[in-house]
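To keep things clear, I will list the structure first and then write my remarks on it.
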Amino acid sequence: MTTQTDTPVKDRRAAKPVESDRSRAEARLGQKLVAPAIVLMLVVTAFPMLRALYLSLFNYSLTAPDDREFIWFGNYAVALTDPLLWKTTGITVLYMVVTVAFELVIGFAFAMVMHRVIFARGVIRTSILVPYGIITVVSGFAWQFAFSYQNGFVNSWIPGLAADFNWFGETTPAVVAIMVSEIWKTTPFMSLLLLAGLAQVSEDMIEAAKVDGATWTQRLTRVILPNMRAAIMVAVLFRALDAYRIFDNIFVMTAGAQNTESISFLTYRQTIEQFQIGIGSALSVLLFLSVLVIAFLIVKIFRVDLADARQEK
Amino acid sequence: MKQKIGMVVGVALILAWCLLPVAWIISLSFKSQTAITNGSPGFFPADGAGAGWQNYQDVWDNEQFRRAILNSIGISLIATTLSVIIATLAAYAIARLEFRGKKLVLTMALVIAMFPVVSLVGPLFDMWRAIGLYDTWPGLIIPYMSFTLPLAIWTLSAFFREIPWEMEQAAQVDGATSWQAFRRVIVPLAAPGVFTAAILTFFFAWNDFVFGISLTSTEAARPIPASLSFFVGADPFNRPASLLAAGAVISTIPIIVIILIFQRKIVAGLTSGAVKG
């Protein structure tokens with residue numbers, strides 16, 4: 001922070017067109033200040049990612065490090081032809097689509113309430129941060145125990161369900177339980193982002209629509225939602241990519257049993273538990289690529305410029 | 001009137017949604033171990049089946065757990081401090097100075113924010129073992145810093161853009177030295193933003209699980225989420241639910257305290273970083 005006093009304060013707009021000494025000094029200072037952040041981000045992400053790319057071309061297991069062998073794209077061929085990869089990708093996409101859809105609807109309802117409510121604002125805001133702040137592992141435990149037939153309460157709260165129904169004995173109920181814990185944990189984040197979006201919709205426009213005789217549904221779909229498109233898109237993008245990486249909940253609640261394994265979990269299992277660095281690296285690269293594809297698709301579907309959404313223009 | 005009732009119902013639903021699982025885990029942490037293994041489903045401890053503070057006592061007496069809490073506090077605080085310092089420099093440059101590559105920094109931060117953490121765990125595991133960072137504090141602090149930087153940079157540059165930097169000049173015109181102008185005018189305006197970024201960064205580090213289980217192997221550096229997930233009691237086939245619940249509650253206390261004190265700042269930071277940017 002103190003470095004900034006080294007350079008005199010100057011008028012940015014005046015300095016811009018001419019390459020003066022001042023603007024060059026400013027550019028140098030700027031680059032110096034962002035350098036540590038860039039270096040650190042490169043060291044921990046770009047470099048390991050390149051290394052993963054390199055290692056993915058080898059048949060390499062930590063249990064037999066001397067047998068390391070260059071096999072071109074052999075690992076990718078193995079991974080891509082294995083039905084297990086497609087099964088885990090399918091379940092991961094399912095987690096992502098279902099949780100984000102529920103979060104969007106519930107989060108929006110919460111945001112509407114928080115936007116209009118006039119009492120207990122502090123209490124609501126504090127409460128809504130509780131799921132956001134809690135460790136994902138802890139929320140995983142809370143829900144696992146809640147769904148457990150040995151010590152949970154869910155079975156007795158759902159009418160018509162046997163007291164000894166085992167949620168973690170089959171794929172579908174286990175997936176539902178995992179989704180519930182994910183939705184519980186992240187809906188508040190979604191609702192806060194949507195609340196910020198709601199606050200940007202002009203009250204005058206809503207009032208004008210009301211005067212013109214628009215019904216509540218019309219005001220929602222014709223005025224409020226279109227004007228929040230940028231905020232919705234940012235919320236969906238962030239949450240979808242986050243949900244696609246789902247790992248903690250699954251690890252705690254089922255440890256991947258009953259076909260609940262996500263693609264992150266498969267990658268973790270291959271690399272860390274089974275020491276298959278080669279194939280694990282190939283999976284890491286595929287996981288990264290699929291995240292890029294999803295990000296690209298969401299941006300395309302919503303047709304919103306990110307810079308625009310962040311009011312940079 | 002009808003609208004008012006709707007509001008009350010809405011508020012009640014939100015509160016129930018947010019607090020029910022927390023009430024449940026607290027309730028579980030006061031149940032006795034035997035009551036749980038005997039199978040006594042119910043929200044609150046049954047009469048005579050409560051354990052009082054025993055579970056908390058047992059968890060706290062557990063060496064592994066105490067180490068994990070200390071690891072988490074130390075690692076998260078160090079990572080937060082360093083990350084926020086570096087992010088403040090970068091965000092100041094982005095908000096205030098003109099230089100090439102500004103867009104690149106923001107794009108890079110965005111890409112890293114979306115990065116699937118598991119993708120990096122394999123190569124980092126391999127690298128850290130080669131250079132001796134595996135199972136050490138720096139071995140977790142470095143990845144935490146890198147992954148919290150994007151969030152901190154976005155949040156801080158959003159805050160810094162709102163600061164009327166001209167006031168610094170005005171103070172100088174009024175006779176303050178540039179250091180005085182900076183310290184008296186800019187620091188008080190920037191401090192709340194820096195503080196908010198620090199809280200969000202701390203949450204992130206405290207919540208991490210993937211790095212915690214992958215880059216550690218002993219109590220030397222294992223943080224609390226990882227430690228909880230590996231916690232097996234006397235019977236390896238039955239998780240000690242009430243003990244774990246007590247551990248979960250303890251690990252949540254710092255988060256709740258921070259939320260209670262700083263809720264306004266956290267909400268502002270979360271939304272400004274993501275929506276206003």
Side-chain angles (χ1 to χ4, degrees), chain A residues 5 9 12 26-27 29-31 33-34 36-37 40-41 44-45 48 51-52 110 113 117 120 124-131 133-138 141-142 145-146 150-153 156 192-193 196 231 234 241 245 247-248 252 264 267-268 271-272 277 280-281 284 287-288 291 295 310, chain B residues 7 10-11 14-15 18-19 21-22 24-25 28 36 39 41-43 86 89-90 93 97-99 105 108 112 114-116 118-120 122-126 142-143 145-146 149 169 178-179 182 203 207 209-210 214 225 228-229 241 244 248 251-252 255 259 263 266-267 270-271 274-275 277:
Chain A
T5 50
V9 181
R12 239 191 286 165
E26 181 172 300
L29 176 66
Q31 277 155 357
L33 290 179
V34 294
L40 196 70
M41 291 196 278
V44 184
T45 53
R51 199 171 151 75
F110 282 9
V113 172
V117 83
I124 303 177
R125 209 161 24 190
T126 307
S127 315
I128 205 115
L129 287 172
V130 168
I134 272 186
I135 305 174
T136 316
V137 168
V138 167
F141 273 127
F145 294 139
Q150 283 163 314
N151 40 48
F153 62 88
S156 60
L192 285 174
L193 293 188
V234 171
L241 294 176
R245 303 181 282 205
F247 179 83
D248 307 15
V252 170
S264 278
T267 310
Y268 166 83
T271 333
I272 305 295
I277 302 288
S281 299
S284 300
L287 176 60
F288 178 58
V291 166
R310 309 184 89 113
Chain B
M7 276 296 143
V11 168
I14 295 179
L15 293 184
C18 295
L19 302 178
V22 181
W24 155 244
I25 198 105
L28 191 60
I36 280 175
F43 198 84
I86 294 178
L89 298 179
L97 305 174
E98 277 307 320
F99 62 97
V105 185
M108 199 170 140
I112 291 177
M114 293 168 180
F115 224 90
V118 170
S119 277
L120 295 176
L124 280 178
F125 174 70
D126 209 34
I142 295 167
M145 281 172 70
S146 156
L149 271 175
Q169 261 171 306
S178 42
W179 170 242
F182 175 73
F203 276 9
N207 187 25
F209 182 60
V210 179
S214 308
L228 279 177
S229 81
L244 272 171
S251 70
T252 306
I255 298 294
I259 290 173
Q263 48 100 353
I266 303 172
V267 172
L270 271 179
T271 49
V275 179

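All chains are named by letter (A, B, ...) in the order of the sequence lines, taking the proteins before the strands, and each is independently numbered beginning at 1.
Residues A:Phe288 and B:Leu120 form no side-chain contact, since every pair of their non-hydrogen atoms from C-beta on lies 4.5 Å or further apart.
No donor-acceptor pair under 3.5 Å is formed between the side chain of A:Glu26 and the backbone N or O of B:Leu97. Under a 3.5 Å cut-off, the side chain of A:Asp248 and the backbone N or O of B:Val210 do not form any donor-acceptor pair. Side chain of B:Ser119 to main chain of A:Ser284: a donor-acceptor pair is present (N/O by atom type, distance under 3.5 Å, no hydrogens or angles). Looking only at distances, no side-chain donor or acceptor of A:Arg245 sits under 3.5 Å from a matching main-chain atom of B:Val118.
Considering CD1 of B:Ile259 and CD1 of A:Ile128, their distance stands at 11.0 Å, rounded to 0.5 Å. To the nearest 0.5 angstrom, B:Leu149 atom CG is 5.5 Å from A:Leu40 atom CG. Within the model, atoms CD of B:Gln263 and OG1 of A:Thr126 stand 3.5 Å from one another, a figure rounded to the nearest 0.5 Å. Rounded to the nearest 0.5 angstrom, B:Leu28 CG and A:Asn151 CG are separated by 6.0 Å. Residue B:Asn207 holds its CG atom at 10.0 Å from CD1 of A:Ile134, rounded to the nearest 0.5 Å. Note that CE of A:Met41 is 5.0 Å distant from CD1 of B:Ile112, once rounded to the nearest 0.5 Å.
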For a side chain to side chain contact (heavy atoms under 4.5 Å, CB included) check, start with the C-alpha distance between A:Val34 and B:Leu89, then their side-chain angles and the critical distance, and finish with the verdict. CA-CA 7 Å; A:Val34 294; B:Leu89 298 179; over 6 Å; no
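The choice from B:Phe115, B:Phe125, B:Phe203 that makes the most heavy-atom pairs within less than 4.5 Å of chain A is B:Phe115. When each of B:Pro123, B:Ser251, B:Gly122 is checked for heavy-atom pairs under 4.5 Å with chain A, B:Pro123 comes out on top. When each of A:Leu129, A:Ile124, A:Thr136, A:Val138 is scored by its heavy-atom pairs under 4.5 Å with chain B, the top score falls to A:Leu129. Annotation: maximal heavy-atom pairing with chain A below 4.5 Å, among B:Ser146, B:Ala93, B:Gly10, occurs at B:Ser146. With chain A as the partner, the residue from B:Leu15, B:Val105, B:Val11 showing the most heavy-atom pairs under 4.5 Å is B:Val11.
Only the side chain of A:Val291 comes within contact range of chain B, with heavy atoms under 4.5 Å apart. Using a 4.5 Å cut-off between heavy atoms, B:Leu228 contacts chain A through both its backbone and its side chain. Only the side chain of A:Leu241 has a heavy atom closer than 4.5 Å to any heavy atom of chain B. Heavy atoms closer than 4.5 Å to chain A are found in the side chain of B:Leu244, but not in its backbone. For B:Ile25, the part sitting under 4.5 Å from any heavy atom of chain A is the side chain, from C-beta outward, and nothing else. Both the backbone and the side chain of B:Ser229 come within less than 4.5 Å of a heavy atom of chain A.
Listed here is the closest heavy atom pair of B:Cys18 and A:Val130: O-CG1, 4.3 Å.
Between A:Phe247 and B:Phe209, the two ring planes are tilted [angle within 30° to 60°].
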